[in-house]
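This report concerns only the one structure given below.
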Amino acid sequence: MSVKRWIKICLNHVLRRYGGEIVPTEILYEWQRVRVNKPCWNNCTLPDDAARYLKPDNPKLIELQQRYRAFDSDVTTPLVWTDRHVRPEDITYFRGDNAWVWQVRGKNSNVLGYALSLYYLKSIDRLRLLDKLVEDNSFGNFTFTVAGRQVSRDLLDSIAEIYFLDQHLGVGSRAGFRVLDVGAGYGRLAHRMVSALPGIERFFCTDAVAVSTFVSDYYLRFRGVEKALVIPLDEIDNTLRDHPVDLAINIHSFSECRTQAIKWWARLLSKHRVKNLMVVPNAVGGTGERLLTRGGHDFLPLLERYGYRTVLKEPKFIDPVVQKYGLEPSWHHLLELRTY
Ligand SMILES: C[S@@+](CC[C@H](N)C(=O)[O-])C[C@H]1O[C@@H](n2cnc3c(N)ncnc32)[C@H](O)[C@@H]1O
């Protein structure tokens, strides 16, 4: 055995204990070769008013923060969404790679993962969503050009979620359908669902984090999707009393909440007889097949306590190979309120 080979075996022996291994550079893809600090947002131009408006000292944001601070701490006390979770620059470049949507730092978040996911979605795209929904790099969004299209995690995840809802609740063909998104981030899915599905009558977005309410309110007005409305946390109870909804959605949000907060939301949804609840958890410690918080707490029993039971759950990508190598694999869960 050559000395070089012997040294490699010895080094690998040590490195494997720490999850590492020496491999030849030529078997790596270029994005795996050098660990560079990835940028947080993509090069983009901002609309004229955006840089002025989307600031931590905007009086509207400050007012929302005061209102949320005065609200029920059961729902507002953060698990991960502390004041430092969103940086000042994330407010301006809210569609960058940040706490709202990881784009280039999550599992398989490389050009191959994006390409595989796009081709998978193309293969199931009976509603022609890839033609109806277009993408751009506004507000720092990362896009990859694949098959002549600009694609992003915003676009691909939204299409996967819409197909799940169409498959199991027929949202593509229903009229007068009303939706509530709890923990709606910057309004990603509201923008996509309202743009794609004419049968959506109303899409409410709400959140227990003031900066998310602030940014989503701006973004949905920017996109001009009038059927999507942002409801501040302290108005959501009255809104649901006056405007019942058919479906609540919670995507990568309950996983980032304390159990008290999840309980608060489950009680609210149950009180207002929201029939269906779609949950996409973070893939905590694995796959996303279980409903876990970032603290490892199983929150399904909490939802069950308020009458919700799992009707079905399935991988984000039905094809197991795509589920393994596609963009940010997780699971889609559908729950129903028991008395229906
Ligand atoms: C990772 S982001 C996901 C955003 C959005 N659902 C999406 O998929 O694009 C998590 C969201 O959960 C919200 N959130 C955090 N704590 C919350 C709580 N206690 N109640 C409701 N939403 C919360 C955050 O403000 C943020 O909008």
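For the ring pair (Phe, Tyr, Trp, His ring centres under 6.0 Å) with Tyr120, the lone residue among Phe317, Tyr114, Tyr163, Tyr325 that qualifies is Phe317. With Met193 as the partner, the side chain to side chain contact (heavy atoms under 4.5 Å, CB included) test is satisfied by one option alone out of Val225, Asp181, Ile249: Ile249. The residue from Arg223, Arg192, Arg188 that alone fulfils the salt bridge (charged side-chain N to carboxylate O under 4.0 Å, His left out) condition with Asp154 is Arg192.
Under the 30°/60° scheme for interplanar angles, the aromatic rings of Phe139 and Tyr219 are found to stand perpendicular. Between Trp100 and Trp81, the ring planes lie tilted relative to each other; the angle falls in the 30° to 60° range. Taking the six-membered ring where tryptophan is involved, the planes of Tyr218 and Phe222 are essentially parallel, since the angle between them stays under 30° and well short of 60°.
Among residues two or more places apart in sequence or in another chain, the salt bridge (Lys or Arg N to Asp or Glu O under 4.0 Å) test is passed with Lys122 by none. Asp74 meets the salt bridge (Lys or Arg N to Asp or Glu O under 4.0 Å) test with no other residue; sequence neighbours excluded. Partners of Tyr308 under the side chain to side chain donor-acceptor pair (under 3.5 Å) rule, at least two apart in sequence or in another chain, do not exist in this structure.
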Practice prompt. Verify side chain to side chain contact (heavy atoms under 4.5 Å, CB included) between Gln323 and Asp319, making sure each step is shown before the conclusion.
Written response: CA-CA 6 Å; Gln323 179 69 2; Asp319 184 320; over 6 Å; no

Fill in: Stepwise side chain to side chain contact (heavy atoms under 4.5 Å, CB included) check, Val245 with Phe177
CA-CA 8 Å; Val245 298; Phe177 200 66; over 6 Å; no

Item to complete: Verify salt bridge (Lys or Arg N to Asp or Glu O under 4.0 Å) between Arg241 and Asp237, making sure each step is shown before the conclusion.
Response: CA-CA 6 Å; Arg241 184 195 61 208; Asp237 194 8; over 6 Å; no

Worksheet entry | Worked verdict on His332 versus Lys313 for side chain to side chain contact (heavy atoms under 4.5 Å, CB included) | CA-CA 5 Å; His332 295 163; Lys313 56 180 176 177; over 6 Å; no

Worksheet item: Should Lys55 and Glu89 be marked as a salt bridge (Lys or Arg N to Asp or Glu O under 4.0 Å) after you check the CA-CA gap, both sets of side-chain angles, and the distance that decides it?
Response: CA-CA 8 Å; Lys55 284 277 185 61; Glu89 58 270 34; over 6 Å; no

Practice prompt. Go through the steps for Asp136 and Ser138 under the test side-chain hydrogen bond (donor to acceptor under 3.5 Å, both in side chains), then give the verdict.
Written response: CA-CA 6 Å; Asp136 56 41; Ser138 60; 2.7 Å; yes

Worksheet entry | Residues Asp131, Arg128; criterion salt bridge (Lys or Arg N to Asp or Glu O under 4.0 Å); working and verdict | CA-CA 6 Å; Asp131 294 330; Arg128 304 197 65 78; 2.6 Å; yes

Worksheet item: Given the rule in the salt bridge (Lys or Arg N to Asp or Glu O under 4.0 Å) test, do Glu328 and Lys107 qualify, once you have shown the distances and angles that lead to the verdict?
Response: CA-CA 5 Å; Glu328 282 280 1; Lys107 190 169 180 200; over 6 Å; no

Practice prompt. For ring pair (Phe, Tyr, Trp, His ring centres under 6.0 Å), just list the numbers for Phe214 and Phe94, CA-CA rounded to whole Å, side-chain angles, deciding distance to a tenth of an Å, and then say yes or no.
Written response: CA-CA 11 Å; Phe214 171 71; Phe94 59 86; 9.4 Å; no

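Other residues, nucleotides and ligands contribute over 12 non-hydrogen atoms within 6.0 Å of the NE2 atom of His168. When the shell of 6.0 Å around CD of Glu226 is examined, it contains 12 or fewer heavy atoms from other residues, nucleotides or ligands. The 12-atom threshold is not exceeded at CG of Asp48, counting heavy atoms of other residues, nucleotides or ligands nearer than 6.0 Å. Within a 6.0 Å radius of CG in Asp83, no more than 12 heavy atoms belonging to other residues, nucleotides or ligands are found. Around CZ of Arg126, the count of heavy atoms belonging to other residues, nucleotides or ligands within 6.0 Å exceeds 12. Under a cut-off of 6.0 angstrom, the local environment of NZ in Lys132 is crowded, with over 12 non-hydrogen atoms contributed by other residues, nucleotides or ligands. For Arg5, the CZ atom counts as loosely surrounded, since its 6.0 Å shell holds 12 or fewer non-hydrogen atoms of other residues, nucleotides or ligands. Around atom CG of Asn43, no more than 12 heavy atoms belonging to other residues, nucleotides or ligands sit under 6.0 Å away.
For the pair Asp97 and Arg105, the salt-bridge criterion is met [side-chain N within less than 4.0 Å of a carboxylate O]. Salt bridge status for Arg309 with Glu336: present, with a side-chain N to carboxylate O gap under 4.0 Å. Salt bridge Arg149/Glu135: absent, no basic N to carboxylate O contact under 4.0 Å.
Contact annotation: the side chain of Leu277 never approaches that of Leu247 to less than 4.5 Å [non-hydrogen atoms, C-beta and beyond].
The backbone N or O of Gly148 sits nowhere less than 3.5 Å from a side-chain atom of Thr145 that would complete a donor-acceptor pair. Proximity of a side-chain donor or acceptor of Gln103 to a complementary backbone N or O of Gly96 within less than 3.5 Å is detected. With hydrogens and angles disregarded, a donor-acceptor distance shorter than 3.5 Å links the side chain of Thr293 to the backbone of His297.
Residues Gly172 and Leu197 come closest through the heavy atom pair CA-CD2, 3.9 Å. Taking both residues in full, the closest heavy atoms of Ala184 and Cys205 are given as CB-CB, 3.6 Å, listed atom of the first, atom of the second, then distance. Counting all heavy atoms, side chain and backbone alike, Ala147 lies closest to Leu118 at CB-CD2, 3.9 Å. Smallest separation of non-hydrogen atoms from Ala266 and Leu303: CB-CD2, 3.9 Å.
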